[in-house]
Engineer: 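Submitted below is the structure of interest, expressed as structure tokens.
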Amino acid sequence: MNVYQELKARGFIYQETDSSAIEKKLTEEKVVFYCGFDPTGNCLHIGHLLPVMAMRLLQRAGHIPVALVGGATGQIGDPSGRNTARNMLTKETVAENVKSIQAQLSRFIRLEDGAAYFANNNDWFAEVKLLDFLRDIGSKFSVNRMLAQKSVENRLENGLSFLEFSYSLLQGYDFYYLNKTLNCTLEIGGQDQWGNMVAGTELVRRMYNEEREVHCLTIPLLINPATGQKFGKSIGGASVWLDSNRTSVFDYYQFWRNCDDSMIEDLLKKFVLDIPVEEAESLVRSGNINRAKEILAYEATKLAHGEKAAADAYLAAGCKFGFADPDKKIQTTSSIMQLNEAAAKEDSIPSCEIPAENFEGDGMWIPKIMVEAGLCKSSSDARRLIQGGAVSIDDVKITDPTRNIKLNEIHGDSFTIRSGKKNFRKIRLK
RNA sequence: GGUGGGGUUGCAGAGCGGUCAAAUGCAGUAGACUGUAAAUCUACCGGUUGUACCUUCGAUGGUCCGAAUCCAUCCCCCACCA
């Protein structure tokens, strides 16, 4: 199976400019390709991961990724897939975001020995002169054509500023620039980027009078077929972040572990590149779908947070909820096989420190503890949860929302508070 | 610049002087059932050590016993015309 076939088999291809040309290129030469990321936030979340995985796959096959973080375009905001304009970010915020996003990407993409490049389009747009740009680039774009773009069409109803309208020129220019300087000949991106990406390939061709051939391909949007929801959000409506300070490793593991049945095969193929496609299929059909989910969660966590953290999360979760295949009947190439379930421990359950003096005297009000631990956003919320019978401390159900926890009720220097079946916090006294 | 229509609690979208912390749908959370899944049913879904008080309906002022609702000014959006 060549890289192109693997991309296809794992479901990374939605639209492409010329499939046989792309296949030929990817199998015969070392290709420099690029993928853009919006620095709208300072942290990547699960939703960003899809193109990152495609980049990883291509890099593994010897191609050279260029991760472009849009320091310049981020100041504009892509109108694709939006009904309203984005909030404008200050230049400083964008610059900071670029930095932290690059840091996060470097966990997924190998950088050493020129194996990949990071680029920030602010580096070249800062130099561009308006008149030159309009003459050289603007002249190659047809407004008629741009108006026909889906992303523009949708926005025409609600209004679209010229700033946003020009987004595809800028993205196109990125491709031209990267082609000129790094000989980048392929762009990959999300399904919603198709219009912008094609604009880029056309620009490059026109700039060289059709003599250069460049291509692009889009990755399909991941949709949960059961709910019709876009994959990527969740864990309480909040994003699942790749930064362990925002989403703990345990929660990250749990996110994958709790994936929908209908998505498991797709997720394994796309997010666990180390498991061959056939194995992913057979795991799902093994009759033990929960083992497949454990493997997915373990491997995905391993990629984002490292082997040790992933193992801890797996063991901690198994300790709380049980293991799907403790006897290891199901064969897999995953290193999950080497883990010892008997050594299960709770250490990696998210924890929170609270000064011991809070528990002295009358003790600490339970809703306060829950807010402090990040289990809920307000004490009203906590009170409701308690009234709904969702809360327990060290497996003893709490029914009285006015209750306080006193120092003498705590055994040792920690206790576990839980809200619902799946949310735990270990509270450590300090 | 003119005319008309708007800005409501995460989103969509009612309300158009008191009965409004604000209908309904979606999203979300919890409980039951399960497989840490889905579907289904039930409850919750601004804040507050608790049923009364506080802060919310673009902003600021005003009318009124009382305003999301009326008036004025301002800001922003949309449509049509210029």
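Remember, predicted model here, so these are calculated numbers, not experimental data. Every chain is numbered from 1 and lettered A, B, ... according to where its sequence line falls, protein lines coming before strand lines.
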Engineer: Taking 4.0 angstrom as the limit, do A/E6 and A/R10 come out as a salt bridge?
Structural biologist: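 A/R10 and A/E6: salt-bridged.
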
Engineer: Among B/U29, B/C45, B/G31, which is the nearest nucleotide to the side chain of A/R384?
Structural biologist: B/C45

Engineer: Could you check how far CD of A/Q254 sits from P of B/U36, rounded to whole Å?
Structural biologist: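 After rounding, the reported distance stands at 11 Å.
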
Engineer: Would you say the side chains of A/S262 and A/D260 form a donor-acceptor pair under 3.5 Å?
Structural biologist: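 Yes - a donor-acceptor pair under 3.5 Å links their side chains.
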
Engineer: Does A/F271 have its ring centroid less than 6.0 Å away from the ring centroid of A/W256?
Structural biologist: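 When the ring centroids of A/F271 and A/W256 are compared, they turn out to be within the sub-6.0 Å range.
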
Engineer: What is the separation between atom CD1 on A/I366 and atom P on B/G50, rounded to the nearest whole Å?
Structural biologist: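 My rounded result for the distance is 16 Å.
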
Engineer: What interatomic distance, in whole Å, is found between P of B/C65 and the corresponding atom of B/A27?
Structural biologist: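 My reading of the P atoms in B/A27 and B/C65 gives 46 Å.
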
Engineer: A/D362 near the nucleic acid: base, sugar-phosphate alone, or nothing, with a heavy-atom cut-off under 4.0 Å?
Structural biologist: nothing

Engineer: Using Watson-Crick or G-U wobble geometry with both distances below 3.5 Å, tell me the partner of B/G10, or none.
Structural biologist: B/C26

Engineer: Just name whichever nucleotide pairs with B/U63, Watson-Crick or G-U, keeping both distances under 3.5 Å, else none.
Structural biologist: none

Engineer: Under 6.0 Å between ring centres: does that hold for A/F125 and A/Y177?
Structural biologist: no

Engineer: When all nucleic acid strands are considered with a 4.0 Å heavy-atom cut-off, which category describes A/C259: base, sugar-phosphate, or nothing?
Structural biologist: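 If one applies the 4.0 Å heavy-atom cut-off, A/C259 turns out to touch the sugar-phosphate alone, with no base involved.
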
Engineer: For the residue pair A/N121 / A/D174, report whether a side-chain donor-acceptor contact shorter than 3.5 Å exists.
Structural biologist: yes

Engineer: When you compare B/A23 with B/G47, how far apart are their P atoms, in angstrom units rounded to a whole number?
Structural biologist: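 After rounding to an integer number of Å, I get 15 Å for this pair.
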
Engineer: For the P atoms, the ones on B/A14 and on B/G58, what distance do you get once it is rounded to whole angstrom?
Structural biologist: 14 Å

Engineer: State which of B/A38, B/U34, B/A30 makes the closest approach to the side chain of A/L385.
Structural biologist: B/A30

Engineer: How far, in whole Å, is B/U48 from B/U55 if one measures between their P atoms?
Structural biologist: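 Here B/U55 and B/U48 have their P atoms 15 Å from each other.
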
Engineer: P atom, B/U56 versus B/U69: distance in rounded Å?
Structural biologist: 13 Å

Engineer: Listed in order of residue number, which residues of residues 281-308 of chain A have a non-hydrogen atom at under 4.0 Å from RNA chain B?
Structural biologist: A/I289, A/N290, A/K293

Engineer: Could you give the CZ-to-C1' distance, from A/R418 to B/U36, as a whole number of Å?
Structural biologist: 11 Å

Engineer: Nearest whole Å is fine: how far is B/C44 P from A/Q387 CD?
Structural biologist: 11 Å

Engineer: Could you tell me how far apart A/Y314 (OH) and B/U36 (C1') are, to the nearest whole angstrom?
Structural biologist: 13 Å

Engineer: Please enumerate all residues that pass side-chain contact (heavy atoms from CB on, under 4.5 Å) together with A/P276, with sequence neighbours excluded.
Structural biologist: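 By the side-chain contact (heavy atoms from CB on, under 4.5 Å) rule, A/P276 matches A/E278, A/E279, A/T333.
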
Engineer: Whole-Å distance between B/U49 C1' and A/M364 CE?
Structural biologist: 13 Å

Engineer: Between A/N423 and B/A30, does any side-chain N or O lie under 4.0 Å from OP1 or OP2?
Structural biologist: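 Yes, A/N423 has a side-chain N/O under 4.0 Å of OP1/OP2 on B/A30.
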
Engineer: Rounded off to whole Å, could you give me the CG-to-P distance for the A/N404 and B/G50 pair?
Structural biologist: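 Atom-to-atom, A/N404 to B/G50, this comes out as 13 Å.
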
Engineer: For A/P367, answer base if it contacts any base atom (sugar-phosphate contacts may also be present), sugar-phosphate if it contacts only those atoms, and nothing otherwise; contact means non-hydrogen atoms under 4.0 Å.
Structural biologist: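 Here A/P367 touches no strand at all.
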
Engineer: Quick check on RNA chain B: between A/F321 and A/K397, whose nearest nucleotide comes earlier from the 5' end?
Structural biologist: A/K397

Engineer: For residues 376-384 of chain A, which side-chain donor-acceptor pairs fall under 3.5 Å, sequence neighbours excluded?
Structural biologist:
residue	atom	partner	partner atom	Å
A/S378	OG	A/D381	N	3.1

Engineer: Under 4.0 Å, counting only non-hydrogen atoms across every strand here, what does A/S378 touch: a base, just sugar-phosphate, or nothing?
Structural biologist: sugar-phosphate

Engineer: Toward the 5' end of RNA chain B, which comes first, A/V391 or A/D400, by nearest nucleotide?
Structural biologist: A/V391

Engineer: In this structure, how many angstroms lie between the C1' atom of B/U36 and the NZ atom of A/K421, rounded?
Structural biologist: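 Computing the A/K421:NZ to B/U36:C1' distance gives 9 Å.
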
Engineer: Below 4.0 angstrom from OP1 or OP2 of B/G35, is there any side-chain N or O of A/K422?
Structural biologist: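 Checking B/G35 against A/K422, no side-chain N or O comes under 4.0 Å of OP1 or OP2.
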
Engineer: Among A/K302, A/R257, A/E299, A/E341, which one satisfies side chain to side chain donor-acceptor pair (under 3.5 Å) with A/Y314?
Structural biologist: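 Result: among A/K302, A/R257, A/E299, A/E341, A/E341 is the only option passing the side chain to side chain donor-acceptor pair (under 3.5 Å) with A/Y314.
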
Engineer: Tell me if the side-chain of A/K377 makes a donor-acceptor pair with the base of B/U29, cut-off 3.5 Å, by modelled atom types.
Structural biologist: no

Engineer: On a whole-Å scale, what distance lies between the P atoms belonging to B/G46 and B/C20?
Structural biologist: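 The same atom, P, in both gives a distance of 15 Å.
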
Engineer: Could you please name the option among B/G35, B/U48, B/G31 that lies closest to any side-chain atom of A/S380?
Structural biologist: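 Given the options B/G35, B/U48, B/G31, the side chain of A/S380 is closest to B/U48.
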
Engineer: Say you pick atom P in B/A67 and the same atom in B/G6; how far apart are they, in whole Å?
Structural biologist: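 23 Å, rounded to whole Å.
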
Engineer: Between B/U63 and B/C75, how far is it from one C1' atom to the other, in whole Å?
Structural biologist: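 After rounding to an integer number of Å, I get 23 Å for this pair.
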
Engineer: Across the strands shown, which category fits A/A317 at heavy-atom distances under 4.0 angstrom: base, sugar-phosphate, nothing?
Structural biologist: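 Base contact.
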
Engineer: Would you mind checking if A/R291 and A/D327 are paired as a salt bridge, meaning a charged N to carboxylate O distance below 4.0 Å?
Structural biologist: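 No salt bridge links A/D327 with A/R291.
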
Engineer: Would you indicate, yes or no, if B/U48 has its OP1 or OP2 atom less than 4.0 angstrom from a side-chain nitrogen or oxygen of A/S379?
Structural biologist: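 Checking A/S379 against B/U48: at least one side-chain N or O falls below 4.0 Å of OP1 or OP2.
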
Engineer: Going by an N to O cut-off under 4.0 Å, is there a salt bridge joining A/K99 and A/E96?
Structural biologist: no

